Amino acid sequence: MTGLDTQVMYVRGVGPRVAELLAAKGIATAEDLLYHLPFRYEDRQNPRSLDELRPGEMASVIAEVRGSALLRTRRAPIFELTIGQGRLAMKCLWFNGSYLQGKFLAGQTIAVFGKVEPSRSTSNFKMIQPQWELLPDASADAETLLLEVGRITPVYESLGGARLASRWQRKVIFHLLESLHASQPGAIPECLPAAMLERLALPSREMALREVHFPPEGTTMTTLQACNTPAYRRLIFEELFFLELGLELKRRKLRERAGIGFETNEKVREAIREVLPFHPTNAQKRALGEIVADMKQPTPMRRLLQGDVGSGKTIVALQAMLVAIENGYQAALMAPTEILATQHFLAARKLLERSSRKYRVVLLTGSLDEDRKRLNRALIHRGEANLVIGTHALIEEKVEFDRLGLVVVDEQHRFGVLQRFRLMKKPHQAQPDVLVMTATPIPRTLALSLYGDLDLSVLDELPPGRTPILTRRVTGERAEKVWEFVRKQVKQGRQAYIVYPVIEGTRADQPELDFSPEKTQAAQSLTKHATLKAAKEGETGDLFPKLAPETNPNIKSSLKSAVEMYEKLRTGPLQDLRIGLIHGRLDADEKEVIMRRFQRGEIDVLVSTTVIEVGVDVPNATIMVVEHAERFGLAQLHQLRGRVGRGAARSYCILMTGARVSEDAEERLNAMVRTQDGFELADLDLSMRGPGEIFGTRQAGLPDFRVANLVRDRKLLELAKQEAARFANAPAQESEGTEAERARVWARLKEAWQRKYGLVEAG
Ligand code: ADP
Ligand code: MG
C-alpha cells in the first residue's frame with residue numbers, strides 16, 4: 001500500500017535505478033516527489049494563436065511542425081525549426097543546435113514556450129531557444145492524451161536528463177496521486193486542524209497537492225503563475241506555519257532556561273557615565289533601555305539590535321557589556337572579520353581607559369601567534385579578562401570563560417552560531433545573554449517573522465551632525481577626474497577609500513571573492529523554487545553575498561585588482577599622496593598596522609577590497625570610490641558607502657563602472673544614487689534577489705523552502721506567524737482542533753524540523 005513515506009523506489013514508474021537519480025536530487029519518498037512542484041504551467045486548454053502574439057511577451061504556443069534546417073554559421077550551427085498554424089508560421093532557433101537534428105517530423109504537434117521576438121523573415125515572429133515538448137498524436141494512449149493536451153499542463157524541472165523530464169513526472173505524479181487516493185482514505189493525511197483550515201478558507205492537503213500538479217479547469221493562468229491559487233496558498237501557509245511554530249517553541253524553551261538577572265544600580269550607571277563619549281541619541285537610549293530590561297530578567301536574553309550603518313550600535317553594545325562587567329561577569333564581543341575585531345578592540349580599550357576602574361580588554365583572533373593566544377586564553381579562563389573581543393576564533397579555539405555574562409555578535413547573519421555559545425561557558429552555569437547586532441536593514445516584518453525567536457530593537461535615527469553623502473556614478477573613462485578630486489580632498493585634510501572587487505589579477509585564492517562556477521550557475525538558474533537553494537554558504541566568512549547573480553566568471557581578465565591599482569595609483573595619479581593597501585590575504589598584524597595608520601591619519605588613501613565593507617569606522621574618511629561598482633551587490637554597496645559620512649564633513653561616494661552595465665546592475669546603481677535609506681535599499685535588494693541570497697539560508701539557520709518564497713509570500717508569513725503563536729499559546733480548552741489533530745501538528749512539527757530543516761536545537 002502506498003503512503004507518503006513509501007520509498008520512492010516503490011512508486012509506480014520509478015524503480016531502483018531511477019530512485020538513485022532521484023536520491024541525488026533529495027527525493028527519497030513519495031512525499032518528496034509530490035512536493036517537487038511544477039515551475040510553470042502551459043495553458044493547453046486555450047492555445048494561443050500565432051497572430052495574437054506580441055513581441056517581448058513570454059508565450060506558450062501549440063503548432064504543427066513544418067520543417068527544420070541546420071544553418072552553418074561561422075560561430076555555432078543554428079538549428080531552425082519552422083512551426084505553423086494554418087497560414088501563419090513562426091521560427092524557433094537554437095544555437096549549437098546540432099543535437100536537435102532528426103528530432104522533429106513534419107506534421108507533429110509541438111508546444112513551445114519562450115520570449116516572442118520580432119522577425120525579419122517571412123514569419124512575423126521568432127523564438128530563440130524556446131523550451132519545447134512534442135505533443136502526443138491521436139494514436140497515443142488515453143492517459144497520455146489526458147495529461148498532455150486540452151488542459152493546463154504542469155511543466156517540471158527535469159529530475160535527470162530528457163528521460164525524467166516533464167512528461168515522465170506528470171505520469172508518475174498522476175499515478176501516485178491516484179493510488180494514494182484509492183489505497184485508503186487519508187493516505188495524504190491532513191496536518192493542520194480542520195477548524196483552522198475552515199477559518200482561513202484553505203483546502204485540505206490532499207486537494208492542494210492534487211491541484212498544484214493538475215490545476216482544475218478554469219484556473220486562471222496568472223493566479224497560477226503567481227502561486228496564488230487556494231492550493232498554493234495552502235501549501236505555502238503550511239510550510240511557513242511549521243517554520244513559525246518551531247520558532248515559537250524555541251523561544252518558549254529558551255524562556256524556561258536559567259539566565260542571569262543583572263542588576264543596575266548607581267554604581268553601574270556611574271561606570272557607564274565615566275566612559276560615554278557623547279550624548280546618546282533617543283534611539284540609542286531606547287534600545288539600551290530595552291536591552292537592559294532584558295538583562296535584568298532571570299531568563300536569557302536573545303535580542304537583535306538592528307540599525308543602519310553609522311547608527312551607533314557599538315556604543316549601545318559597549319554599555320550593555322559594562323552592565324555585565326560591573327555585575328562581576330565577563331562580556332564577549334564577536335566580530336565577523338579580524339579587521340573589525342581589531343578595530344573594536346582598539347576603540348574599546350581607548351574608551352575604557354577613561355574609566356577610573358581597571359578593566360582588562362583582551363583580543364582573540366585566529367591569526368594571533370600561538371603564545372599570545374595561549375596567554376589570552378588563560379586570562380579569559382581565569383576570569384582576569386573582563387571584556388573579550390574576537391572573531392569566530394572565540395568559538396573555534398574552545399575558549400572557556402570563567403563567568404560569561406553577555407555575548408554580543410556584531411554584523412552577523414549567521415544565526416546558527418547562537419546555538420554554539422554554550423561551548424563558551426562552563427557546563428553548570430547559567431545561559432549568557434546574547435545580543436546580535438546587524439546593519440542589514442531587514443524589513444521589519446520579515447525580521448520579526450524570520451527571527452521569531454529573537455526580540456528586536458531598532459536604531460532608527462542617526463547620531464547628530466551627519467551630512468548626507470553625495471553619490472555619483474561615473475564610467476571608468478573619467479577616472480582621471482576622480483583621482484583629481486581625491487587629490488583635492490586629501491589636500492583639504494580628508495581621507496579616501498578606493499575599493500576593488502579582487503585582490504590580484506587572478507581569481508585564485510582571493511578571500512574577498514568567490515567565483516566558484518557552481519555558485520554562479522546556481523545563481524543563474526534561478527527558478528521560483530531554486531531561488532532559495534541557490535544561495536550556498538559562503539566559505540569566506542564574509543557576510544554579504546559576493547557578487548551579483550549575473551556575474552559572469554569569464555570576464556575576469558578585464559577586472560582591475562587592488563594590488564595592481566595600488567601600484568598604478570601610487571606611482572601615477574596619486575603619487576604625491578600617502579597610499580596604503582589592505583586586503584584579506586594580509587595577516588592580522590599587518591592589517592592591524594595599516595588600519596591603525598589609516599585611523600591616525602598617516603595614510604591618506606586606502607586601496608582595499610571588500611574587507612573594509614563592514615564596521616570600519618574612520619570619521620575623517622570622506623571619500624569612497626568603488627571601481628567596478630556594477631559587480632557589487634546592493635547590500636555591499638550600501639555597506640561600503642556607510643564607511644564614509646561618519647563625521648561632520650561632506651562625504652562622497654563615487655561608483656565607477658565599465659561602459660556596459662547589465663539591467664540589474666543599472667537598477668542597483670540608480671537606487672544607490674537615489675537614496676541613502678538602508679531600508680529602502682534592503683527592500684529593493686530583497687525583491688531583486690530573495691532572502692536566501694541575502695542571508696544565505698543555511699547561514700541564517702533558515703530552511704530551504706519547498707514551496708514558499710519569503711519575498712513573494714510575506715503576507716502569508718505574517719499570517720503563519722500569528723496562527724503559530726495562537727496555536728502554541730492557546731490553553732487546551734480554547735484551542736482549535738481535536739486533541740488528535742493537535743497531536744498530529746506536534747508530530748509533524750518535529751518531523752519537519754528534524755528531517756527537512758535540520759534546525760533542531762541541541763542542548
Ligand atoms: P554602526 O551602527 O554602523 O556600527 P558605529 O557604532 O560604528 O555605527 O558608530 C558610527 C559612528 O558614530 C562612530 O564614529 C561613533 O563614535 C559615532 N557615534 C555613535 N553614537 C553617537 C552619538 N550618540 N553621538 C555622536 N556620535 C556618535
Ligand atoms: Mg558597527
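Just follow the structure's listing: the first ligand is 1, and inside any ligand the first atom is 1. Remember, predicted model here, so these are calculated numbers, not experimental data.
- Geometrically, ligand 1 and I315 share no nitrogen or oxygen pair separated by less than 3.5 Å.
- Defined by atom type and a distance below 3.5 Å, a donor-acceptor pair is present between the side-chain atoms of R473 and N670.
- Heavy atoms of T314 found under 4.0 angstrom from ligand 1 belong to the backbone as well as the side chain.
- Contact atoms of ligand 1 toward G310: 1 (P), 2 (O), 3 (O), 8 (O), 10 (C) (distance under 4.0 Å to a heavy atom of the residue).
- For ligand 1, the atoms lying closer than 4.0 Å to a non-hydrogen atom of T281 are 23 (N).
- Listed by atom number, the atoms of ligand 1 under 4.0 Å from P280 heavy atoms are 23 (N).
- Within the listing of ligand 1, atoms 18 (N), 19 (C), 20 (N), 21 (C), 22 (C), 24 (N), 25 (C), 26 (N), 27 (C) sit less than 4.0 angstrom from a heavy atom of P463.
- Taking the ring centre of Y329 as origin, the terminal cationic atom of R403 falls inside the region bounded by 6.0 Å and 45° from the ring axis.
- The contact set between ligand 1 and D617, taken as ligand atoms under 4.0 Å from a residue heavy atom, comprises 11 (C), 13 (C), 14 (O).
- Counted by atom type alone, R286 and S457 present zero donor-acceptor pairs between their side chains at under 3.5 Å.
- If you look at Q284 next to ligand 1, the close heavy atoms, those under 4.0 Å, all belong to the side chain.
- Looking at residues two or more places apart in sequence or on another chain, you find no side chain to side chain donor-acceptor pair (under 3.5 Å) involving R487.
- Put simply, part of S311 is less than 4.0 Å from ligand 1, judged by heavy atoms.
- Partner of M334 under the side chain to side chain contact (heavy atoms under 4.5 Å, CB included) criterion, out of L364, T391, I395: I395 alone.
- Contact annotation: for R646 versus ligand 1, heavy atoms closer than 4.0 Å belong to the side chain alone.
- Side-chain contact annotation: R302 with Q431, donor-acceptor N/O pair under 3.5 Å present.
- Every atom of ligand 1 with a heavy atom of H279 under 4.0 Å away is listed here by number and element: 22 (C), 23 (N), 24 (N).
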